[in-house]
Visitor: 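Once you've had a glance at the structure underneath, I'll fire off some questions.
Quick note: residue numbers are just sequence positions, from 1. Atoms within each ligand, like the ligands themselves, are counted from 1 in listed order. Reckoned from all heavy atoms, side chains included, excluding hydrogens, waters and symmetry mates.
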Amino acid sequence: EKGGFPSFMEKEIHDQPDAVLQTLLGRSDINGKLTLDELRIDPQLLKNVDKIIVLACGTSAYAGQVAKYAIEHWCRIATEVELSHEFRYRDPIVDENTLIVSISQSGETMDTLMAVRYAKEQGAKTVSICNTNGSTIPRESDAVLYTHAGPEIAVASTKAFLAQITAAYLLGLYLAQLRGNKFQGEIKDILADLNKIPAKIQRILDNEAQIKELGVSMADAKSVLFLGRHVGFPVAMEGALKLKELAYIHAEGFAAGELKHGPIALIEEGQPVFVVVPSPRGRDSLHAKVVSNIQEVRARGAKTIVIAEEGDEAVKAYAEHVFYIPETPVLLAPLLSTVPLQIFALALASAKGYDVDQPRNLAKSVTVE
Ligand code: M6R
């Protein structure tokens with residue numbers, strides 16, 4: 001049942017090309033038109049949406065944070081991401097033009113369920129992105145977009161995360177299509193690039209030995225930091241969460257731009273810092289900014305481990321280790337850059353002899369508040 005892998009988690013990491021593929025399948029036509037008929041929500045209502053609030057916890061919330069960048073770019077709809085348990089206990093501004101997008105692998109997370117119920121009571125429309133057919137959150141939502149990652153058994157989420165980003169992107173592209181804004185031309189291109197993602201994930205998996213080796217060699221690390229900007233920021237937080245959950249190591253993900261506002265004080269000789277570097281082909285000076293962040297931490301003794309796009313030679317001079325991911329548009333990069341971080345956490349935790357499928361103190365579905 002583990003498909004020949006030593007753990008469910010390792011199997012699920014290797015299931016990722018298929019998880020993304022299955023989530024994309026049958027949801028667009030060859031002309032690049034999204035066909036999310038399954039949403040069964042009045043298109044007029046979706047056209048009227050003036051605010052999106054994504055509600056989720058843990059890894060699913062990081063998927064939401066990634067999606068925010070894409071949805072705002074494609075749809076020009078203000079999008080907030082909030083932890084379900086925080087949303088419920090403030091006084092959020094929600095009305096019938098608010099679209100709530102909940103993201104939950106299990107569909108049973110009590111915090112998210114209660115937040116969705118609360119938003120519904122306020123008159124919001126609710127869409128659930130969920131991996132578990134017939135579970136409670138999709139049943140209680142107005143509409144559902146299933147991620148087709150297949151059952152996820154390991155407590156630490158991996159393939160569901162990539163499938164959640166994929167589904168949220170499809171939803172974003174669908175809303176952009178429906179609202180007929182100026183990104184119509186981009187939709188077809190993005191879909192074509194999304195369809196290339198599974199093969200690119202496979203290429204990363206085929207070269208996993210190098211990152212596994214690094215994970216094993218760092219089994220004694222006491223603390224690992226992760227930096228990213230833009231969509232790389234939630235990826236950094238997800239990389240840190242995997243390490244906390246699996247290896248019980250102190251790990252933090254930061255927005256690289258925040259460094260000088262505090263976190264740089266943590267850097268001392270030998271501190272390992274992962275940096276998720278955006279494509280040099282991306283917009284503005286994002287790449288240059290991150291490269292200078294690498295230099296800043298390195299100058300203070302950090303051991304820098306860089307995830308960068310193939311062909312990005314500029315980072316080599318500043319990195320102890322570089323892991324390359326295939327080229328892809330900036331917004332799609334999280335579907336690739338997350339994978340080495342998952343493999344790293346898995347290898348490190350395995351080297352410490354920990355049970356990666358059942359980390360201590362955690363449950364797969366958190367059905368209590
Ligand atoms: O089933 P859900 O997606 O609602 O679960 C949310 C979180 O509990 C979950 O992502 C948790 O953070 C995982 N253990 C992360 O690996």
Visitor: Hey, is Glu245 touching ligand 1 through its side chain, its backbone, both or neither, going by heavy atoms under 4.0 Å?
Guide: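 Side chain only.
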Visitor: Residues two or more places apart in sequence or in another chain: which of them pass ring pair (Phe, Tyr, Trp, His ring centres under 6.0 Å) with His14?
Guide: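 For His14, the residues satisfying ring pair (Phe, Tyr, Trp, His ring centres under 6.0 Å) (neighbours in sequence not counted) are Phe5.
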Visitor: For residues Phe344 and Phe274, establish whether the separation of their ring centroids is below 6.0 Å.
Guide: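 When the ring centroids of Phe344 and Phe274 are compared, they turn out to be within the sub-6.0 Å range.
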Visitor: Counting distance only, does the side-chain N/O of Lys364 pair as donor-acceptor with the main-chain N or O of Gln358 below 3.5 Å?
Guide: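 Flag not set: sc Lys364 to bb Gln358 has no pair under 3.5 Å.
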Visitor: Would you call the rings of Tyr248 and Tyr354 parallel, tilted or perpendicular if under 30° counts as parallel and over 60° as perpendicular?
Guide: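 Because their plane-to-plane angle lies in the 30° to 60° range, the rings of Tyr248 and Tyr354 count as tilted.
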Visitor: Which ligand 1 atoms, with their elements, are less than 4.0 angstrom from a heavy-atom of Ala156?
Guide: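 Every atom of ligand 1 under 4.0 Å from some heavy atom of Ala156: 16 (O).
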Visitor: Assess Ser365 for proximity to ligand 1: is some non-hydrogen atom of it under 4.0 Å away?
Guide: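 No.
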Visitor: Is it the side chain, the backbone, both or neither of Glu108 that has a heavy atom closer than 4.0 Å to ligand 1?
Guide: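 Glu108 to ligand 1: no contact under 4.0 Å from either part.
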Visitor: Under 4.0 Å from any heavy atom of Gln105, which atoms of ligand 1 are there?
Guide: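 Once the distances to Gln105 are compared, the set is 1 (O), 2 (P), 3 (O), 4 (O).
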Visitor: Tell me which protein heavy atom sits closest to atom 15 (C) of ligand 1, plus the residue, atom name and distance to 0.1 Å.
Guide: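 Answer for atom 15 (C) of ligand 1: Thr59 OG1, 3.0 Å.
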Visitor: Has Asn131 got a side-chain atom pairing as donor or acceptor with Gly150's backbone, closer than 3.5 angstrom?
Guide: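 Such a contact is found between Asn131 side chain and Gly150 backbone.
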Visitor: If you compare all heavy atoms of Ile137 against all heavy atoms of Thr109, which two are closest, and at what distance to 0.1 Å?
Guide: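 Looking at all heavy atoms of both residues, the closest pair is CD1-O, 3.8 Å.
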Visitor: Starting from atom 4 (O) of ligand 1, locate the nearest protein heavy atom and write down its residue, its atom name and how far away it is, to 0.1 Å.
Guide: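 For atom 4 (O) of ligand 1, the nearest protein heavy atom is Thr109 OG1, 2.4 Å.
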Visitor: Has Val155 got any heavy atom lying under 4.0 angstrom from an atom of ligand 1?
Guide: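 Right, Val155 reaches ligand 1.
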Visitor: For ligand 1, which atoms sit closer than 4.0 Å to a heavy atom of Lys242?
Guide: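 Near Lys242, meaning under 4.0 Å from one of its heavy atoms, ligand 1 has 15 (C), 16 (O).
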Visitor: For Ser60, take its heavy atoms, then give the atoms of ligand 1 lying under 4.0 Å from any of them.
Guide: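 That gives atoms 2 (P), 3 (O), 10 (O) of ligand 1.
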Visitor: Atom 7 (C) of ligand 1: which protein heavy atom is closest, and how many Å away?
Guide: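 Closest protein heavy atom to atom 7 (C) of ligand 1: Cys57 O, 3.6 Å.
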Visitor: Can we say Lys2 and Glu10 salt-bridge, meaning some charged N sits less than 4.0 Å from an Asp/Glu carboxylate O?
Guide: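 Salt bridge: no.
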Visitor: Would you find a donor on one side and an acceptor on the other, under 3.5 Å apart, between the side chain of Ser106 and the backbone of Glu108?
Guide: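 Yes.
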Visitor: Apply side chain to side chain contact (heavy atoms under 4.5 Å, CB included) to Ile264 and list each qualifying residue two or more places apart in sequence or on a separate chain.
Guide: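 By the side chain to side chain contact (heavy atoms under 4.5 Å, CB included) rule, Ile264 matches Leu259, Ile267, Glu296, Arg300.
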Visitor: At a 4.0 Å cut-off, with the gap strictly under it, does some heavy atom of Lys364 reach an atom of ligand 1?
Guide: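 For ligand 1, residue contact (heavy atoms, under 4.0 Å) with Lys364 is absent.
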Visitor: Is there a polar contact, in the sense of an N or O pair closer than 3.5 Å, between Ser104 and ligand 1?
Guide: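 So ligand 1 has an N or O lying under 3.5 Å from an N or O of Ser104.
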Visitor: Among all protein non-hydrogen atoms, which one is nearest to atom 8 (O) of ligand 1, and what is the separation to 0.1 Å?
Guide: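 Checked against all protein heavy atoms, atom 8 (O) of ligand 1 sits closest to Val366 CG2, 4.1 Å.
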